[in-house]
Amino acid sequence: MNIFVVNCGSSSIKYQLFKWPSESPICSGLVERIGLEISAITHKVYINGEEKVIKRTLELPDHEAGMQEVGHLLTEPEIGVIQDPSEIEAVGHRIVHGGESFSTTTIVTPEVKEEIKKLAALAPLHNPAHYVGITVAQKIFTSATQIVVFDTAFHQTMPAKAYRYAIPGKFYTDHGVRVYGFHGTSHKYVTAQALSYLKKPDAKIITIHLGNGCSMAAVNAGQCIDTSMGLGPLDGLIMGTRCGNIDASVVFYLVSQLGYDIEQVDALFNKRSGMLGLTGYSDMRDILKAIEEGDENARLAYDMYAYRIKKYIGAYASALNGLDAIVFTAGVGENDKNLREVVCSNMDFLGIEIDKDKNRERSGELREVNTPGSRVKVMVIPTNEELEIAKECFELLESK
């Protein structure tokens, strides 16, 4: 079965094509700068274990033009991996926000599309682009079943005591203001990998997704019971450009005393804060370089970043009433050995002891980096959201 996984942003399209049941994509790519004067496509084809990269610049006025170009690349005689778009049997769409309407992977119907459109108020930067992606894919891959996989779905098992805010109930009942959580596809994927590795289906696990966006989840026997992001993806951990947890009084102060309007506060917290606001850099590699050069602001920001993660580990271990494993994943979680060491230091009271030598070994595979005597497993598991989406699409179609 050919399953095409697509993630549409406001000016981009990321994609992978799987020939299921193979879990390795046969091609992948990124369309960037859609709607700008010059757009770019990077298309990768994997043949007999070798990667061939095709790069093109051209004018793409909208997502439909971008997806049409992807369709041409998929079917080009010399580099194509299929002969016709009709060979795509399923298109899996990553949707950031499913609200309370969607807790499982779902086949697209007119009603489903309309509900995704309505949920744009909860994810104004993401859901409108996803809606466009579905519409465009329906035009190009006319034979495919369109399927949506929601980032919020994995967190829908949280109890009310975890997802409600302490504000008047009408804001929840009338407007859906509650904790939803994000990165659910990633948290779900690494949770399944950890449970399989541990051979303990009732394991208590904390998953730690650290990229430009960061979130954590407390998972009991495969079910999420709490997560760090909230109504939107701003809350919780310190991130690349987002501030994470912050006293709401700061908003009042910025508006009443410093003359900010609400749009300026939004831009400040989402785009100019986090590690960028603290150091001038949003990429952890640049921050580590600054630390090596003696930058004290960078050192402080790094310590703050790790400290916030440690606090959530403590809170979630309490919520879980025990802990079998913590899992680091995503770009920073998988690659920053120093951060894992800082987070896990002085945590032996909780049964977390990291093996510094194991932790410093480079690997793209699932692995333990804890000491033999550590009561809690410290694991590094590479995430694969696209593979999880393809898997969920296949399982949904097989169940029909």
Side-chain angles (χ1 to χ4, degrees), residues 3 5-10 13-14 90-138 145-160 162-165 171-192 207 209 213 215-219 222-236 383-397 399-400:
I3 303 175
V5 175
V6 60
N7 179 7
C8 280
S10 58
I13 304 170
K14 290 196 292 186
V91 179
H93 299 266
R94 179 199 177 209
I95 309 294
V96 163
H97 217 306
E100 289 191 309
S101 305
F102 302 102
S103 59
T104 58
T105 298
T106 305
I107 291 176
V108 173
T109 64
E111 293 75 21
V112 168
K113 277 185 70 178
E114 187 60 28
E115 189 62 26
I116 291 169
K117 191 174 185 180
K118 288 179 182 176
L119 289 166
L122 293 175
L125 299 180
H126 298 92
N127 272 37
H130 301 325
Y131 181 89
V132 169
I134 295 169
T135 302
V136 169
Q138 287 175 320
T145 301
Q146 306 289 328
I147 298 171
V148 282
V149 179
F150 298 92
D151 260 7
T152 49
F154 181 63
H155 306 302
Q156 284 293 301
T157 54
M158 287 190 296
Y163 70 69
R164 287 290 298 272
Y165 290 117
F171 291 101
Y172 169 62
T173 56
D174 297 350
H175 305 289
V177 177
R178 54 159 283 182
V179 171
Y180 288 101
F182 299 90
H183 298 139
T185 307
S186 175
H187 288 293
K188 183 177 181 179
Y189 177 80
V190 298
T191 291
T207 52
H209 177 107
S215 64
M216 291 172 61
V219 186
Q223 303 288 302
C224 176
I225 66 162
D226 207 346
T227 192
S228 60
M229 284 181 167
L231 174 73
L234 178 64
D235 203 13
T383 193
N384 194 329
E385 293 165 286
E386 291 79 13
L387 175 58
E388 179 63 28
I389 291 171
K391 175 174 173 284
E392 293 190 29
C393 288
F394 177 76
E395 289 176 350
L396 178 61
L397 292 176
S399 69
K400 294 300 180 183

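Between K118 and E114 no salt bridge is recorded (no basic side-chain N to carboxylate O distance below 4.0 Å).
Applying the ring-ring contact (aromatic ring centres under 6.0 Å, His included) test to F102 and every residue at least two apart in sequence or in another chain returns F150. Legend: residues meeting ring-ring contact (aromatic ring centres under 6.0 Å, His included) with F154, ordered by chain and number and at least two apart, are absent. Partners of Q138 by side-chain hydrogen bond (donor to acceptor under 3.5 Å, both in side chains), not counting sequence neighbours, listed by chain and number: K113. Not counting sequence neighbours, the partners of H155 by the ring-ring contact (aromatic ring centres under 6.0 Å, His included) test are H187. Listed by chain and residue number, Y189, E386, L387 satisfy the side-chain contact (heavy atoms from CB on, under 4.5 Å) test with N384 (two or more places apart in sequence, or in another chain).
Panel note: side chain S186, backbone E385; no donor-acceptor pair is recorded below 3.5 Å. No donor-acceptor distance shorter than 3.5 angstrom exists from the side chain of T109 to the backbone of I107, with no hydrogens or angles considered. In this structure, T106 contributes its side chain and V148 its backbone to no donor-acceptor pair below 3.5 Å. A donor-acceptor pair under 3.5 Å is absent between the side-chain atoms of H93 and the main chain of C8, judged by distance alone. Looking at S228, its side chain does come within 3.5 Å of a backbone N or O of M216 through a donor-acceptor pair.
Taking every heavy atom of both residues into account, A137 and V91 meet most closely at CB-CG1, 4.2 Å. A pairwise comparison of heavy atoms in P128 and A123 identifies CD-O, 3.4 Å as the closest pair. Closest approach of S215 and H183 over heavy atoms only: OG-ND1, 2.7 Å. Contact detail for V149 and E392: the closest heavy-atom pair is CG1-OE1, 3.7 Å. When all heavy atoms of A153 and T104 are compared, the pair lying nearest together is CB-N, 4.3 Å. Taking both residues in full, the closest heavy atoms of G181 and T152 are given as O-CG2, 3.1 Å, listed atom of the first, atom of the second, then distance.
Sorted by first and then second residue, the side chain to side chain donor-acceptor pair (under 3.5 Å) pairs with a member in residues 123-133 form an empty list; sequence neighbours excluded.
In this structure, OG1 in T191 is found 9.5 Å from CD in E388, a value given to the nearest 0.5 Å. Atoms CD1 and CD1, on I147 and I134 in that order, are 11.5 Å from each other to the nearest 0.5 Å.
Between H97 and F182, the ring-plane angle classifies as perpendicular under the 30° and 60° cut-offs.
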